Novice: 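Before I ask anything, here is the structure I am working with.
Hydrogens, waters and symmetry mates are skipped; everything else that's a heavy atom, side chains included, is used. Owing to the predicted nature of the structure, the values given are computational and were not obtained by experimental measurement.
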Amino acid sequence: MPIRLFDSLSRDYRELRPAQPDGLFRFYNCGPTVYAPAHIGNFRTFVVNDLLRRLLELEFGKDKVKHVRNLTDVDDKTIRRAREEGRPLAEVTRQWTEKFHADCAALNCLPPHVEPAATGHIPEQIDMIAALERRGHAYRTEDGSVYFKVSSFPGYGALSRVKERELRVGSAISGKPQTHDADEKEDGSDFALWKGHKPDDGDTFWPAPWGRGRPGWHIECSAMSKKHLGDTIDLHTGGVDLLFPHHENEIAQSQCCNGTPFALHWYHSEHLLVDGKKMSKSLGNLYTLDQIKEMGHSPSALRYALLAGHPRKQLNFTLDSLHAAEKALAQLRAFRASLAPGGTADPFGPALAALQDDLNTPHALGLIFTTLHAGPAGIAPAAFERILFALGLDLTEALKPVANTPPEVTALAEQRWAAKNAKNWAEADRLRGAIADLGWSMLDRKDGYTLEPAKK
């Protein structure tokens, strides 16, 4: 059964197929802004993208899928964090990139085939901006910035269905507040491609034909996608919060630069609620993976809980859902242990078909547990492993932290475990030493490891 996915642009369900003659499926999803730890709402999107990546590999083959996920390592947030901490931008973003990688590994997310960083693609962004300016889609301002002229692209708003009345001269779009440099724009709906250098940017700037400055957020993804996947990609994904204006702006600048459709399919996952409310620091319900682990829950349980609801519907996360996830994982482990070699039956086809039908994870999980309740007789272990791979459920418990394990220790431990599994012994030894320097011991087991305070 082919993968059918809702398309945010056409508002219809469509099959996913590679468009290019080489048969390679080109897949881009927006990655994190690396200035702080990602929270579980962010990881709902990344786990959903990982599910999609796995289904694509099962459908087309591992060598026929190219997955690109970017890193936003220069923008207002990263620059502000570096300034507040008095550290170089690269040092701050490296710290949070490493933390993001460790969290992704703990959640059993496959790494992208290419993970470009915005600061590594400044020439490509400048080239795109120059092309847009030559073609009449961009203009310079006196402060050295360059803006995209929204009125030059008749198709603007097709993805988000933004109304014409919201694109009036002198207004911000869709109620968005005016920015500090809005008076430099010709129209309030135009957006920055290049931001002229300001004192608050410090030493974060690059030379460009318009003067020194830095790229706008939106052009980063367009340039990196073009560089690594070409002018037209098969699928672009992200959270629903990015649909407007980020993805709308990507379409406008990419199509005006390249003269071809940007993405043939768009998919957006919905928000994660916590106890029925939007996540926020003020409400105290914005959780990171480290906080979940400090409560005694495994990353696998969090992944299961994030997959328990349909990705295109808001999911209400509660701590009770983690307890339910731990029980479900225990049932899956027991079932795996009961499977006998030599079985040939594959009763998990309907569950896989449910995943292929617009990522219907609740239905798929329900079908899996119906099979579990029927018993393991005659079932091929490989069939069970296949559906586990599709969901990305790792049934080995890699981490059993003691209470109050410092986040930096757990992050190093996850990195070391990944290095050990990759047989990168030198890196694994280095990380073990770094853990010891922090006063902790990492003890390897057959199926994982434990962390303990070092004995004095």
Novice: Kindly write out the residues that satisfy side-chain hydrogen bond (donor to acceptor under 3.5 Å, both in side chains) with Glu385, not counting sequence neighbours, or none if the list is empty.
Specialist: Arg336
Novice: Can you name the residues that form a side-chain contact (heavy atoms from CB on, under 4.5 Å) with Leu24, not counting sequence neighbours?
Specialist: Asp22, Arg26, Lys66
Novice: Can you name the side-chain contact (heavy atoms from CB on, under 4.5 Å) partners of Thr370, sequence neighbours left out?
Specialist: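 Result, side-chain contact (heavy atoms from CB on, under 4.5 Å) vs Thr370: none returned.
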Novice: Show me the pairs that pass side-chain hydrogen bond (donor to acceptor under 3.5 Å, both in side chains) and involve residues 313-322, at least two apart or across chains.
Specialist: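 Applying side-chain hydrogen bond (donor to acceptor under 3.5 Å, both in side chains) to every pair that reaches into residues 313-322, excluding sequence neighbours, yields nothing.
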Novice: The criterion is ring pair (Phe, Tyr, Trp, His ring centres under 6.0 Å); which residues satisfy it with His323, sequence neighbours excluded?
Specialist: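 Residues passing ring pair (Phe, Tyr, Trp, His ring centres under 6.0 Å) with His323: His297.
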Novice: So, using side-chain contact (heavy atoms from CB on, under 4.5 Å) as the criterion, who are the partners of Pro362 when residues are at least two apart?
Specialist: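 Pro362 satisfies side-chain contact (heavy atoms from CB on, under 4.5 Å) with His310, Asn360 once adjacent residues are dropped.
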Novice: By ring pair (Phe, Tyr, Trp, His ring centres under 6.0 Å), which residues pair with Trp96, not counting sequence neighbours?
Specialist: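 For Trp96 there are no ring pair (Phe, Tyr, Trp, His ring centres under 6.0 Å) partners, ignoring immediate neighbours.
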Novice: The criterion is ring pair (Phe, Tyr, Trp, His ring centres under 6.0 Å); which residues satisfy it with Phe317, sequence neighbours excluded?
Specialist: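 Partners of Phe317 under the ring pair (Phe, Tyr, Trp, His ring centres under 6.0 Å) test: none.
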Novice: Mind checking side-chain hydrogen bond (donor to acceptor under 3.5 Å, both in side chains) for His101 and listing every partner two or more places apart, or none if nothing turns up?
Specialist: Glu115
Novice: How about Phe335 and Phe384: are their ring centroids closer than 6.0 Å?
Specialist: yes
Novice: Which class fits the ring pair Phe191 and Phe148: parallel under 30°, tilted 30 to 60°, perpendicular over 60°?
Specialist: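 Ring orientation of Phe191 relative to Phe148: parallel.
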Novice: List the residues meeting ring pair (Phe, Tyr, Trp, His ring centres under 6.0 Å) with Phe369, not counting sequence neighbours, and say none if there are none.
Specialist: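 In terms of ring pair (Phe, Tyr, Trp, His ring centres under 6.0 Å), with neighbours along the sequence ignored, Phe369 is linked to no residue.
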Novice: Run the ring-centre check on His265 versus His236 and record whether the distance is less than 6.0 Å.
Specialist: no
Novice: Quick test of your reading: applying side-chain hydrogen bond (donor to acceptor under 3.5 Å, both in side chains), list the pairs with at least one residue in residues 103-114, sequence neighbours left out, ordered by first then second residue.
Specialist: Arg53-His113, Lys99-Asp103
Novice: Considering residues at least two apart in sequence or located in another chain, which fulfil the side-chain hydrogen bond (donor to acceptor under 3.5 Å, both in side chains) criterion with Ser222?
Specialist: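 So Ser222 forms a side-chain hydrogen bond (donor to acceptor under 3.5 Å, both in side chains) with Gln253, Ser254.
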